[in-house]
Amino acid sequence: MPVAPSPSETAAPVGERLVSVEVVVPSGVFWSGPARSVTVPSVSGTLGILARHQPVAATLKAGRVRLRTPDRPTAELRIGGGFVVVDDDEVTILADDATWVQAR
């Protein structure tokens, strides 16, 4: 069984900006925490999100979301579609469903 990454209390290296991520499914918040980068499967193609990203809202298709968190190299989850909203270093993913993908 994959282990869900937990938000880290570890501070980011000096000068590194993080985004605040919240993955929400119909039953509530699936995961929330800081990330160095987020990659989502939008219907227009893969969308990479870093700190200071331009505000955007996009429709997501079924696929994998990759989270590069301060305490783990990469965590992946599979979503069944949804939406992503990016605004002011905050990333909100509203997903139909989500499950953690086991590391290879």
Side-chain angles (χ1 to χ4, degrees):
M1 173 184 268
V3 176
S6 60
S8 173
E9 296 299 321
T10 313
V14 175
E16 180 179 34
R17 284 193 54 155
L18 302 174
V19 294
S20 175
V21 181
E22 188 168 72
V23 179
V24 181
V25 295
S27 61
V29 175
F30 181 79
W31 183 81
S32 145
R36 291 184 171 114
S37 67
V38 181
T39 305
V40 295
S42 85
V43 295
S44 303
T46 302
L47 176 62
I49 302 162
L50 299 170
R52 298 186 178 118
H53 195 284
Q54 190 75 13
V56 67
T59 303
L60 301 178
K61 63 182 181 179
R64 290 185 178 199
V65 173
R66 289 179 181 84
L67 304 164
R68 237 182 102 230
T69 61
D71 58 342
R72 296 180 87 128
T74 303
E76 290 188 0
L77 56 117
R78 183 179 312 277
I79 62 166
F83 299 92
V84 64
V85 177
V86 180
D87 189 32
D88 203 21
D89 286 345
E90 292 185 14
V91 179
T92 304
I93 298 170
L94 305 170
D96 296 339
D97 57 48
T99 57
W100 290 107
V101 175
Q102 189 167 2
R104 299 176 199 179

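- Pairing each heavy atom of Arg17 with each of Ala51, the nearest pair is CB-CB, 3.5 Å.
- The two atoms that bring Trp100 and Ala75 nearest to each other are CZ3-CB, 4.1 Å, heavy atoms only.
- The two residues Ala98 and Ile79 make their nearest non-hydrogen contact at CB-CG2, 4.2 Å.
- Within the model, atoms OG1 of Thr99 and CD of Glu76 stand 11.0 Å from one another, a figure rounded to the nearest 0.5 Å.
- Here the rule is side chain to side chain contact (heavy atoms under 4.5 Å, CB included) with Val84, and of Val56, Val23, Val91 only Val91 fits it.
- The shortest heavy-atom contact between Thr69 and Pro34 is CG2-O, 3.7 Å.
- Distance CZ/Arg64 to OG1/Thr74: 12.0 Å, rounded to 0.5 Å.
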The test is side chain to side chain contact (heavy atoms under 4.5 Å, CB included); show your working for Leu67 and Trp31 and say whether it passes. CA-CA 11 Å; Leu67 304 164; Trp31 183 81; 3.9 Å; yes
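- Rounding to the nearest 0.5 Å places OG1 of Thr39 at 9.5 Å from CZ of Arg68.
- Counting heavy atoms from C-beta outward, Val38 and Val19 have side chains that approach closer than 4.5 Å.
- A distance-only check finds a donor-acceptor pair linking the side chain of Asp89 to the backbone of Arg52 [under 3.5 Å].
- In the hydrophobic clustering of this structure, Leu47 does not group with Leu50; members are Ile, Leu, Val, Met, Phe, Trp, Tyr whose side-chain heavy atoms approach within less than 4.5 Å, directly or through other members.
- Screening Val40, Val21, Ile49 for a side chain to side chain contact (heavy atoms under 4.5 Å, CB included) with Val86, the sole residue that qualifies is Ile49.
- The closest side-chain heavy-atom distance from Val25 to Asp96 is not below 4.5 Å.
- Phe30 CZ to Ile93 CD1: the interatomic distance, rounded to the nearest 0.5 Å, is 11.0 Å.
- Residue Ser37 holds its OG atom at 11.0 Å from NE2 of His53, rounded to the nearest 0.5 Å.
- Counting heavy atoms from C-beta outward, Val85 and Glu22 have side chains that stay 4.5 Å or more apart.
- The closest side-chain heavy-atom distance from Ser42 to Thr59 is not below 4.5 Å.
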